[in-house]
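What follows is a single structure, written as structure tokens, with notes after it.
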Amino acid sequence: MLPLPPDVVDAAVRLVGPRDEQQHRAMILADPTSGGMAAVEALAALLDGFDVTVVRVGVPRDRDRDAARGSVTVVDVPSLPAWASVTRRLPAPDLVIDLTEDGKDVHARVWRRGFLNLRQGGVHVARHRGGTGLLEDSCARVVHRVVGAVGRGVVEKLPDPRDRALATSVEAATLAPTHTAVVKRGVHHLKVREHEVGKVVTGRSGDVVAQVVGRRAAGTLESATRVHGALPRDGEGLATSVPYPEATVRMYEGPVTVAPRGLVHAAGMILPESFRYPYAATLTSPGADDVDAAFARVPARHVATRHLPGTYFHLDPFLASHFGHLMMETVARLWGWDRVKVLRPDAKVILQARTPGDRITTLDRRLLGAYGIDAEDIVMVDGPVRVDRLAGASPLLHYTEPYSIHPSVISTWDRLAGALVRPDAEGRGERIFVSRPAGRLKRECRNTGEVEELFRGFGFTVIYPELLSLEEQATAFAQAKVIAGFGGSGMLSLIYARRVETVIVLNQEGYTARNEYVVSLLLDCDLHFLWSAGDVPQPDEGWSREAFFSGWDFDVERNIDELRSLFSAS
């Protein structure tokens, strides 16, 4: 007996539509209650012209396997989460047929996890059984609720964020006594994590093959740095025993689009190079529009209409030519360049211009040049371009939770320092205070002048990094033993500090970046945070951009005793 009536299957095939230039694909999800492999094969026989994969959840490996005679591909998984993992490694289907039992709302869970994985215009079918009411099936109930919210214009009031994400992706829905069928609208790109590049990219795409061509092993850093003054909200986050993940260099053979804001996408996937924080629990690419934790949409402005022949190495930060992002994102990936250049001597670094018409900036040229990348090996582009081959590398540090830093990044820092630090040049002394000009629009410290005078009284030389060349910045940090300053980009030349014993960071409490902490883990120093209240506090739950960029006054009374204890006796 067929698990679904033939007319239901025929209707689903008609909804998928005629075959285009790509092969139609179907996935049948089965479990021990689905009728056995013979029944599933009979159903698959109705899907003429489809490549059919049967995913069996919780079915003993030896059960019914003899019934599969090559007409379908059979994949056995132990659980629904394992099924979701399998779908990431398979090409996006045009049709999903869910034959499983609906205990514990399985059908709704399958639809929520699998619907965005369909190709545009794809169809999801859930078989109803075990009841007579139309909405007794969990998938039917959720679809009914979502479609109803769309019709009433109240999607934002749906209580489940997953349903809000799915609502705009439903083109049409059929609720019948025997089944629910839902047609998908739109193109959704899968977010690919660092550790799954090889299996997922190659498995999902017939056009792009990903290969890992270099590795640095995972481990745990046992830092000798001592952290003082962490906020309660940091919890145990500012640890000094810090695991770090494996880092890889990978090559993508085939058409890949390099777009602004660090976005890299190919064949319905957003590649790991796109993510500022690739090890975060939820991946977010500033260049794409998030739909849910697994999928995002690529805006039309980031779809390539131009082809750039050749091989390229991706080093674009989230904000093009921004000093802080170059130091934390671009520098952290430089290690992959040498491997790529050995494999592909014709490779070029590709960077997006900050504004159309820009050419390589002095900052980009000097920083990359210090690593040994010649100006003629740097290509600037305006907007999205499609390249023949792209290489990328894992960042060797992660400057949000889970914080990590690979100890081998210090070889990159040393290489830059070797080109930029001037050992014989006149420095700024053993104590420097890293300040910034007044009148900033973001995170302005209104009593900056008072703070500068306070630190001058403790023997510090005040510097403004943006007024110094890269060489002058690197030399000042390399020669200093005590480095203090306002938290932010100006402090990131800490990567050149080799004599430093004490680092002091002044911040307002709503500023949640901990970049100086991550860098300092390799400096074996005392790291002190001095805090003041910002105009806008961070909420108890969640995160506020307004609080992050809030203006503030340095609280001298709150922090003076610690400063005196550090410097008055010296």
Side-chain angles (χ1 to χ4, degrees), residues 224-235 237-240 427-467 473 476-477 479-494 497 499-521 523-538 547-570:
T225 292
R226 288 128 338 249
V227 180
H228 311 272
L231 287 177
R233 71 178 293 130
D234 289 323
L238 304 189
T240 53
R428 300 299 195 275
E430 292 190 343
R431 294 182 180 181
I432 60 173
F433 181 82
V434 182
S435 190
R436 49 183 181 236
R440 291 170 56 92
L441 296 178
K442 298 177 179 178
R443 293 190 294 111
E444 180 183 13
C445 178
R446 288 180 292 266
N447 61 339
T448 293
E450 179 184 3
V451 174
E452 292 175 353
E453 286 305 310
L454 176 65
F455 277 86
R456 286 192 182 100
F458 288 120
F460 283 76
T461 299
V462 175
I463 66 170
Y464 295 87
E466 58 267 54
L467 303 181
Q473 291 181 55
F477 277 77
Q479 294 181 356
K481 290 186 177 180
V482 183
I483 299 171
F486 297 114
S489 298
M491 289 288 282
L492 297 184
S493 290
L494 280 168
R499 302 177 64 206
V500 67
E501 299 169 356
T502 304
V503 175
I504 304 169
V505 184
L506 284 61
N507 276 329
Q508 54 94 351
E509 292 173 342
Y511 182 63
T512 54
R514 299 293 180 264
N515 305 346
E516 298 87 0
Y517 153 71
V518 175
V519 173
S520 293
L521 286 171
L523 302 183
D524 296 347
C525 63
D526 280 286
L527 172 63
H528 295 263
F529 287 102
L530 303 185
W531 297 103
S532 302
D535 296 344
V536 180
Q538 286 287 353
F548 185 86
F549 289 118
S550 174
W552 59 299
D553 292 282
F554 179 71
D555 192 333
V556 176
E557 183 178 356
R558 176 176 172 179
N559 293 293
I560 190 62
D561 287 344
E562 182 168 359
L563 286 172
R564 285 172 176 160
S565 70
L566 287 171
F567 303 120
S568 291
S570 57

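The chain is numbered in sequence order, starting from 1. Just so it is clear, the structure is predicted and the values come from calculations on it, not from any experiment. What's counted below: heavy atoms across the whole structure, side chains too, no hydrogens, waters or symmetry copies.
- Closest approach of C445 to V451, counting heavy atoms only: SG-CG2, 4.3 Å.
- Proximity of a side-chain donor or acceptor of R499 to a complementary backbone N or O of K481 within less than 3.5 Å is not detected.
- Contact detail for R428 and T461: the closest heavy-atom pair is O-OG1, 3.0 Å.
- The closest side-chain heavy-atom distance from R514 to L231 is below 4.5 Å.
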* Asked: Between R233 and T512, is a side-chain contact (heavy atoms from CB on, under 4.5 Å) present by the stated rule, with each step listed?
  -> CA-CA 9 Å; R233 71 178 293 130; T512 54; 4.1 Å; yes

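- Residue L523 comes nearest to A497 through the heavy atom pair CD2-O, 3.4 Å, listed as atom of the first residue, atom of the second, then distance.
- A donor-acceptor pair under 3.5 Å is formed between the side chain of N559 and the backbone N or O of W531.
- Remark: the backbone N or O of G488 is paired with a side-chain donor or acceptor of E516 at under 3.5 angstrom.
- Proximity of F549 to V536: side-chain heavy atoms (C-beta onward) are nowhere separated by under 4.5 Å.
- Between L566 and I504 there is a side-chain heavy-atom pair separated by less than 4.5 Å.
- When all heavy atoms of T240 and L521 are compared, the closest pair comes out as CA-CD2, 4.2 Å.
- With rounding to the nearest 0.5 Å, the separation of NZ in K442 from CZ in R436 is 12.0 Å.
- Using modelled atom types, one finds no donor on one side chain facing an acceptor on the other under 3.5 Å when comparing S550 with Q508.
- Rounding to the nearest 0.5 Å gives a distance of 8.5 Å between CZ of F433 and CG of L454.
- For the pair V500/F477, no side-chain contact is recorded, criterion being any heavy-atom separation below 4.5 Å from C-beta on.
- For the pair P437 and E466, the minimum side-chain heavy-atom distance is below 4.5 Å.
- Considering every non-hydrogen atom in both Q473 and S493, the closest pair reads OE1-OG, 3.4 Å.
- In this structure, E509 contributes its side chain and A533 its backbone to no donor-acceptor pair below 3.5 Å.
- T502 OG1 to E430 CD: the interatomic distance, rounded to the nearest 0.5 Å, is 11.5 Å.
- Seen from the ring of F486, R443 does not count as a face-on cation partner, given the 6.0 Å and 45° thresholds.
- Here the CG atom belonging to L563 is positioned 5.5 Å from the CG atom belonging to L530, to the nearest 0.5 angstrom.
- W552 and F554 have perpendicular rings, their planes meeting at more than 60° on a 0 to 90° scale where under 30° would count as parallel.
- Closest of all the heavy-atom pairs between E452 and S435 is OE2-OG, 2.6 Å.
- The aromatic rings of F458 and F567 lie tilted to each other, with the angle between the two planes from 30° to 60°.
- Counting only distance, with no hydrogens or angles, the side chain of T225 and the backbone of S520 share a donor-acceptor pair below 3.5 Å.
- Between L527 atom CG and H228 atom NE2 the span is 7.5 Å, to the nearest 0.5 Å.
- Here the straight-line distance linking atom CD1 of I483 with atom CG of L494 works out to 5.0 Å at 0.5 Å rounding.
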* **side-chain contact (heavy atoms from CB on, under 4.5 Å) assessment of Y517 paired with D234** => CA-CA 12 Å; Y517 153 71; D234 289 323; over 6 Å; no

